[in-house]
Amino acid sequence: MKKIIYSILTLSLLVFSCSNDDDLATPSEPLGDYENGIIVSTEGGPSSISYISNDLSTLENQVYFNVNNENLGVYLQSVGFNGNKAYIVVDAGTITVVNRYTFEKLGEISTGLSLPRYIAFDGDTAYVSDWADPFDATDDYIAVVDLNSNTITSTIAVGEGPEQVLVNSNKLYVSHKGGYSSNNIVTVVNTADSTTDTITVGSKPDEMAINNQGDLVVLSGGNESWTGNETQASITKIDMSDNSIISTFTFADGEHPGLMAYDNGIAYYILNNEVYGLIDAATALPATSLFSITASSAYGLSVKNNELFVADSIFTENSTLLVYDIVTGTETNSFSVGIGASKIYFN
């Protein structure tokens, strides 16, 4: 009997031991020095990329130059991420393709672009908004890029000043801030046949996001008084199934918010250095702000995990990235980043 008991006990220990071995997770290999961090793109000059680790303990400026020993050109407008690649869009007419985790240069798209602004992805295709000649209101376009060859295969004509681009369910949404002028439309491109439709919103639509209900949220900053044709700013919610407007929240005269970031049911925007939060279910703009910020020139905004990041931009010297705890409204960190900091991404 003892032998049987010993045998069962030994077998159980072996099974337990084998199970433990199987449960041990295999550590994944690091993807690169710039994995799991915050990327700040700066317009210049020179244009550059800054990196801050997620635990906010490490800062490195001039990342692209440090890795590739070359500058990015003038001016860095935005960065798009697709798979393990990052596409750095520069106003001078180039898109530099890098490994998003190492920032090693992989290639460049330099033919067929004039004044590119933003990039969005749909499978092996990318869509790039381009002002072309910014003084010509009739030549603006969306460049269609084959990502396998990094070449532009066609263009889609759109209205003046195409800005941010967003792909959702075979449709491309393009906000038209208006370039050097002013516009008030969102273009919807059917990516299957390149046909277009337009939705009229407030003046100078720029930032866009898809909320938790699947609606498109568009911030229109409105024409400022110095234009001589001041218009009201607004936030518009659009039903993406039929392009109809669900609701429009209009700001008071003279109020012109310029930045918006969406996270977990709340659209955050900055107005006169006050941070506001518009929840999805709201029926009116919030009457009071969440907290104040200290930026001298807020130029970029992102939100993640109850932290709000603001690019306080200076174009003659290094800018500052400000970090706020959304719950308490306190500034928790600040970092000296590149000149003309504008966009904040999470890598």
Query raised in the report: What distance do S297 atom OG and N273 atom CG have between them, rounded to the nearest 0.5 Å?
Result: 9.0 Å
Query raised in the report: Sequence neighbours excluded, which residues qualify as side-chain contact (heavy atoms from CB on, under 4.5 Å) partners of N305?
Result: none
Report summary line: Output for pair (Q164 CD, S129 OG), nearest 0.5 Å, gives 8.5 Å
Report summary line: From the list L166, I245, I199, N168, side chain to side chain contact (heavy atoms under 4.5 Å, CB included) with L216 holds only for L166
Report task. For D215, check side-chain contact (heavy atoms from CB on, under 4.5 Å) against everything at least two apart and list the hits. Result -> N211, Q213, I246
Report task. Only counting residues at least two apart or in another chain, list the ones meeting salt bridge (charged side-chain N to carboxylate O under 4.0 Å, His left out) with D130. Result -> none
Query - Shortest non-hydrogen separation from I235 to L219 and the atoms involved - result: CG1-CD1, 3.7 Å
Query raised in the report: From I152 CD1 over to T155 OG1, what is the distance, rounded to the nearest 0.5 angstrom?
Result: 8.5 Å
Report summary line: Residues joined to Y299 in its hydrophobic cluster, side chain to side chain under 4.5 Å directly or through other members, sorted by chain and number, are F315
Query raised in the report: Given the side-chain rings of Y268 and Y262, with only the six-membered ring counted for Trp, is the space between their centroids under 6.0 Å?
Result: no
**Report entry** Distance, nearest 0.5 Å, that separates CG of N84 from CG of L106
**Finding:** 8.0 Å
Query raised in the report: Just checking, is any N or O donor in the side chain of N184 or S203 under 3.5 Å from an acceptor N or O on the other one?
Result: no
Requested in this report: Decide yes or no for F346 and N36: does some side-chain heavy atom of the first lie under 4.5 Å from some side-chain heavy atom of the second?
Outcome: no
Query raised in the report: What's the shortest heavy-atom distance between V167 and A120, and which atoms?
Result: CG2-CB, 3.8 Å
**Report entry** Partners passing side chain to side chain donor-acceptor pair (under 3.5 Å) against S319 (at least two apart in sequence or in another chain)
**Finding:** none
Query - Residue pair I142 / V174, side-chain heavy-atom distance below 4.5 Å - result: yes
Query raised in the report: Any idea which heavy atoms bring F249 and A284 closest together, and the distance?
Result: CE2-N, 3.8 Å
Report summary line: For residues 168-192, the salt bridge (charged side-chain N to carboxylate O under 4.0 Å, His left out) pairs (sequence neighbours left out) are K177-D206
Query raised in the report: Mind checking whether V310 and V323 sit in one hydrophobic cluster, side chains of I, L, V, M, F, W, Y counted as touching below 4.5 Å?
Result: no
Report task. Not counting sequence neighbours, which residues clear salt bridge (charged side-chain N to carboxylate O under 4.0 Å, His left out) with K105? List them please. Result -> E70, E108
Query - For E43, all residues meeting salt bridge (charged side-chain N to carboxylate O under 4.0 Å, His left out), sequence neighbours excluded - result: none
Query raised in the report: Considering only heavy atoms from C-beta outward, does the side chain of T236 approach that of V217 to under 4.5 Å?
Result: no
Requested in this report: Examine the side chains of T294 and E331 and answer whether a donor and an acceptor come within less than 3.5 Å of each other.
Outcome: yes
Query raised in the report: Are side-chain N/O atoms of S50 and N61 paired as donor and acceptor at under 3.5 Å?
Result: yes
Query - Short side-chain donor-acceptor distance under 3.5 Å, Q232 and H256 - result: no
Report task. Please tell me if the side chains of Y51 and I39 come closer than 4.5 Å, counting only heavy atoms from C-beta onward. Result -> yes
**Report entry** Distance-only polar pair, side chains of S292 and E274, donor-acceptor under 3.5 Å
**Finding:** yes
Report summary line: In short, P116 meets V128 closest at the heavy-atom pair CB-CG1, 3.7 Å
Report task. For residues Y87 and F81, establish whether the separation of their ring centroids is below 6.0 Å. Result -> no
Query raised in the report: Out of I185, V188, V158, which one pairs with T198 under the side chain to side chain contact (heavy atoms under 4.5 Å, CB included) rule?
Result: I185
Requested in this report: Apply side-chain hydrogen bond (donor to acceptor under 3.5 Å, both in side chains) to the pair T151 and D146, showing each step before the final yes or no.
Outcome: CA-CA 5 Å; T151 57; D146 181 339; 5.0 Å; no
Report summary line: CG of D133 to OG of S114, rounded to nearest 0.5 Å, is 8.5 Å
Query raised in the report: Would you call Y345 and I49 a side-chain contact if the rule is heavy atoms closer than 4.5 Å?
Result: no
Query raised in the report: Would you say the ring centroid of Y324 lies under 6.0 angstrom from that of F291?
Result: yes
Query raised in the report: In Å, rounded to the nearest 0.5 Å, how long is the span from CG of L72 to OG1 of T42?
Result: 8.5 Å
Requested in this report: In sequence, state the C-alpha distance, the side-chain angles, and the governing distance for Y34 and E60, and then conclude on side-chain hydrogen bond (donor to acceptor under 3.5 Å, both in side chains).
Outcome: CA-CA 10 Å; Y34 308 107; E60 180 181 339; 3.0 Å; yes
Query raised in the report: Between the side chains of T330 and D325, is a donor N or O closer than 3.5 angstrom to an acceptor N or O?
Result: no
Requested in this report: Would you check if L76 and Y64 make a side-chain contact, meaning some heavy-atom pair closer than 4.5 Å?
Outcome: no
Report task. Tell me, with the steps shown, if T196 and N190 meet side chain to side chain contact (heavy atoms under 4.5 Å, CB included). Result -> CA-CA 6 Å; T196 63; N190 184 329; over 6 Å; no
Requested in this report: For T227 and N229, run side-chain hydrogen bond (donor to acceptor under 3.5 Å, both in side chains): C-alpha distance rounded to whole Å, both residues' side-chain angles, the deciding distance at 0.1 Å, then the answer.
Outcome: CA-CA 5 Å; T227 65; N229 179 34; 5.7 Å; no
Report summary line: In short, S110 meets T94 closest at the heavy-atom pair CB-CG2, 4.0 Å
Requested in this report: Check whether any side-chain heavy atom of F309 sits under 4.5 Å from a side-chain heavy atom of I38, and report yes or no.
Outcome: yes
Query raised in the report: Do I238 and V201 come close enough that some side-chain heavy atom pair is under 4.5 Å?
Result: yes
Report summary line: In short, salt bridge (charged side-chain N to carboxylate O under 4.0 Å, His left out) pairs touching residues 75-102 with sequence neighbours left out are D91-R117
Report task. Supply the members, apart from Y101, of the Ile/Leu/Val/Met/Phe/Trp/Tyr cluster built from side-chain contacts under 4.5 Å; use none for a lone residue. Result -> L31
Query raised in the report: Can N170 and D122 be said to form a side chain to side chain contact (heavy atoms under 4.5 Å, CB included), step by step?
Result: CA-CA 8 Å; N170 299 321; D122 186 14; 4.2 Å; yes
Query raised in the report: If every non-hydrogen atom of W131 is compared with every non-hydrogen atom of E163, which pair is closest and at what distance?
Result: CZ2-OE1, 3.4 Å
**Report entry** Pairing residues for E224 by the salt bridge (charged side-chain N to carboxylate O under 4.0 Å, His left out) criterion, not counting sequence neighbours
**Finding:** K204
**Report entry** Result of checking V90, V89, N150 against I95 for side chain to side chain contact (heavy atoms under 4.5 Å, CB included)
**Finding:** V89
Requested in this report: Please name all residues satisfying side-chain contact (heavy atoms from CB on, under 4.5 Å) with Q62, sequence neighbours left out, ordered by chain then number.
Outcome: P46, S48, F65, N66, N71
**Report entry** ring-ring contact (aromatic ring centres under 6.0 Å, His included) assessment of F251 paired with Y269
**Finding:** CA-CA 12 Å; F251 287 82; Y269 60 88; 5.3 Å; yes
